[in-house]
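Taking it in order: structure first as structure tokens, then the write-up.
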Amino acid sequence: MKLPKLRKRRESFYIEIMINCRWSSVIRDAAKECEQWTAQKILEAKANKLADDLTELCHCIWNKESKAWLSLARAWRKSNLKKKIKF
């Protein structure tokens, strides 16, 4: 992602960026403030994406483990039922 260019509006600066298909914009008195805001927004978006990816990974692992535990419990229950029937 390229950093967008600053636009001067009268005595202030305007910057607009698109993150995750949403536009965010800010008007500040100094160009440096706009650049800092943009860098902060990009870092937040990356952090949120990493957190979302990690959450999704945890959900996938949890689903696979719980399915494995359920199948193990079913197999154990079936084996115990067969043992009880034999006696």
Side-chain angles (χ1 to χ4, degrees):
M1 176 179 169
K2 291 191 299 185
L3 283 177
K5 293 182 180 178
L6 287 169
R7 289 183 249 165
K8 186 158 176 129
R9 298 182 77 185
R10 297 184 188 134
E11 294 180 13
S12 59
F13 292 90
Y14 174 79
I15 196 163
E16 191 174 40
I17 59 171
M18 180 186 269
I19 299 175
N20 297 333
C21 300
R22 291 186 179 183
W23 286 100
S24 297
S25 61
V26 69
I27 299 172
R28 302 277 190 226
D29 292 333
K32 188 96 172 166
E33 290 176 2
C34 284
E35 291 170 357
Q36 289 173 348
W37 176 86
T38 305
Q40 181 181 0
K41 284 293 181 181
I42 291 170
L43 287 174
E44 286 175 3
K46 286 182 182 179
N48 288 340
K49 186 176 185 322
L50 288 174
D52 291 343
D53 291 347
L54 183 61
T55 303
E56 186 176 335
L57 177 66
C58 289
H59 283 289
C60 289
I61 291 171
W62 172 257
N63 288 336
K64 287 181 182 178
E65 285 184 2
S66 55
K67 287 178 185 175
W69 279 107
L70 286 174
S71 61
L72 184 65
R74 286 185 194 119
W76 182 78
R77 194 173 79 200
K78 285 180 184 178
S79 68
N80 280 344
L81 289 176
K82 288 179 184 177
K83 288 179 184 177
K84 288 181 182 178
I85 292 171
K86 288 182 181 178
F87 290 113

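These numbers were taken from a predicted model, which means no experiment stands behind them.
With sequence neighbours excluded, the residues satisfying salt bridge (charged side-chain N to carboxylate O under 4.0 Å, His left out) with D53 are K49. Residues that satisfy the salt bridge (charged side-chain N to carboxylate O under 4.0 Å, His left out) test with E33, not counting sequence neighbours, are absent from this structure. For R9, the side chain to side chain contact (heavy atoms under 4.5 Å, CB included) test picks out S12, Y14, I27, with sequence neighbours left out.
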Distance-only donor-acceptor hits, side chain of residues 41-48, under 3.5 Å, sequence neighbours excluded:
unit_1	atom_1	unit_2	atom_2	d
E44	OE2	Q40	NE2	3.3
N48	ND2	E44	O	3.3

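For the pair W37 and I15, the minimum side-chain heavy-atom distance is below 4.5 Å.
When every heavy atom of F13 is checked against every heavy atom of C34, the shortest pair comes out as O-SG, 3.6 Å.
Counting only residues at least two apart or in different chains, salt bridge (charged side-chain N to carboxylate O under 4.0 Å, His left out) contacts with residues 11-29 comprise R7-E16.
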